[in-house]
Amino acid sequence: MLEFRQPQHFDFEQCLTYLQRSEQELLHQIIDHQLYKAVKVAGETFLLKVFATEKKLKVEILQGQLTAQREIFICKYIKQMFDLDRDLKPFYELAQSDPILQRLVESYSGYRIVGIPDLFESLTWAIIGQQINLTFAYTLKKRFVQHFGEKVIWQGKEFWIYPEHSAVAQLTVTDLRTLQFSQRKAEYIIGVAKLFQSGELSQKKLHKLDFPIVERELMSIRGVGQWTAHYVMMRSFNWPDAFPVADIGLHRALENQLAGKRPTIPEIQKLAKHWKGWEAYATFYLWRSLYD
DNA sequence: CGCCAGGTTAGAG
DNA sequence: CTCTAACATGGC
């Protein structure tokens with residue numbers, strides 16, 4: 001059993017609501033306020049059960065042999081997944097004087113950015129979600145995972161692991177087209193997998209670099225524009241100042257907050273001046289307001 | 001049926 | 001640099 005002290009301003013249940021957005025999600029299950037997730041760690045397949053007690057966040061290993069190194073990996077993974085090392089105090093202070101955020105931080109107090117620790121997963125998932133509605137995006141992801149991912153069975157239940165870049169790099173555009181990916185998306189995704197495969201792109205490499213460099217590096221990839229780059233910087237790098245400003249979900253959430261007037265991008269950038277350093281958190285809280 | 005969806009690219013001006 | 005058509009298909 002691994003344990004983490006719950007930071008101030010952390011509410012596991014709030015984070016679970018985000019993870020329960022889609023009925024079609026295969027990459028985890030939530031049963032009775034407990035999160036079940038399969039993860040591959042250096043060739044070893046783990047099944048984790050994550051749950052909160054009053055003061056701790058606990059991780060039970062249901063399957064997989066721990067070693068010291070694997071334990072470090074899993075700890076990092078969980079910390080990233082719930083952004084546990086973040087001190088939210090400055091964000092909540094800033095929100096006090098912001099008409100939009102004020103109510104949101106009150107309603108969803110303890111909500112944190114739910115990370116996608118694996119860069120290949122967040123990049124390709126973002127590409128899958130480009131310019132289609134979220135329901136269809138989840139349909140595509142489900143097909144993608146079931147065809148090219150790995151399945152863990154535990155007590156008669158299935159737990160899926162996202163496809164590895166090595167598998168995706170072998171695919172042809174036709175393989176993905178039959179799953180109803182567009183020609184372009186198929187090319188983008190296989191292209192990204194090949195960049196990982198060749199070593200040109202890796203999490204390790206990017207993690208040493210600064211925000212503008214990473215943004216530039218990501219945007220140099222075919223299929224990755226500003227939205228995708230910032231989405232990834234928010235969810236895989238846990239950068240609170242990433243800002244996918246063109247995001248339609250963000251626009252819809254702001255429209256609700258602004259009495260039915262959907263703001264333009266320059267208007268959003270003006271609003272976001274108050275959010276400096278916390279744009280990703282503002283976005284995540286605004287997205288949250290769409291799930292009520 | 002028509003418009004919209006967690007955008008990006010390539011080409012034109 | 002900015003603007004725009006094309007992409008591709010399900011959801012509602």
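In what follows, chains are A, B, ... by sequence order, proteins preceding strands, each numbered from 1.
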Roughly, in whole Å, what's the span from CG in A:Leu218 to C1' in B:dT8?
-> 15 Å
Which part of the nucleic acid, if any, lies within contact of A:Ile221, taking any heavy atom under 4.0 Å across all strands shown: a base, the sugar-phosphate backbone alone, or nothing?
-> sugar-phosphate
Backbone of A:Ser109 reached by a side-chain donor or acceptor of A:Gln14 within 3.5 Å = no
Is it true that a side-chain atom of A:Tyr291 and a backbone atom of A:Gln20 form a donor plus acceptor pair closer than 3.5 Å?
-> no
How many Å lie between CH2 on A:Trp227 and P on B:dA5, as a whole number?
-> 13 Å
Quick one: label A:Arg288 by what it contacts on the DNA or RNA (base, sugar-phosphate, nothing), any heavy atom closer than 4.0 Å.
-> nothing
Examine distances only and state if a side-chain atom of A:Arg86 and a backbone atom of A:Pro240 form a donor-acceptor pair shorter than 3.5 Å.
-> no
Sugar-phosphate only, base, or nothing, as touched by A:Tyr291 at under 4.0 Å among non-hydrogen atoms = nothing
Close aromatic pair by centroid cut-off 6.0 Å: A:Phe82 and A:Phe4 = no
Would you say A:Arg262 has more than 12 foreign heavy atoms packed within less than 6.0 Å of its CZ?
-> yes
Atom CG of A:Leu250 and atom P of B:dC4 are separated, to the nearest Å, by 18 Å
A:His147 NE2: over 12 foreign heavy atoms closer than 6.0 Å | no
Side chains of A:Glu106 and A:Gln102, donor plus acceptor under 3.5 Å | no
Starting from C1' on B:dG7, measure out to NE2 on A:His230 and report it in whole angstrom.
-> 14 Å
Do other residues, nucleotides or ligands put more than 12 heavy atoms under 6.0 Å from the CD atom of A:Glu13?
-> yes
Please report, rounded to the nearest Å, how far the P atom of C:dA8 is from the CG atom of A:Leu176.
-> 13 Å
Between A:Trp125 and A:Tyr188, whichever has its closest DNA chain B nucleotide further toward 5' is A:Trp125
Let me know the distance between CD1 of A:Ile248 and C1' of B:dT8, rounded to the nearest Å.
-> 14 Å
Before giving the answer on side chain to side chain donor-acceptor pair (under 3.5 Å), spell out for A:Glu200 and A:Ser198 the whole-Å C-alpha distance, their side-chain angles and the decisive distance to 0.1 Å.
-> CA-CA 6 Å; A:Glu200 288 170 73; A:Ser198 69; 2.9 Å; yes
Scan nucleotides 9-12 of chain C against the protein and return all N/O pairs shorter than 3.5 Å with their distances rounded to 0.1 Å.
from	atom 1	to	atom 2	distance (Å)
C:dT9	OP1	A:Arg177	NH2	3.1
C:dG10	OP1	A:Gln180	NE2	2.2
C:dG10	N2	A:Asn133	ND2	3.1
C:dG10	N3	A:Asn133	ND2	3.4
C:dG11	O4'	A:Asn133	ND2	3.0

What is the distance from CZ of A:Phe243 to P of B:dG7, rounded to the nearest Å?
-> 14 Å
N/O to N/O distances under 3.5 Å, protein versus nucleotides 10-13 of chain B:
from	atom 1	to	atom 2	distance (Å)
B:dA10	OP1	A:Arg222	NE	3.2

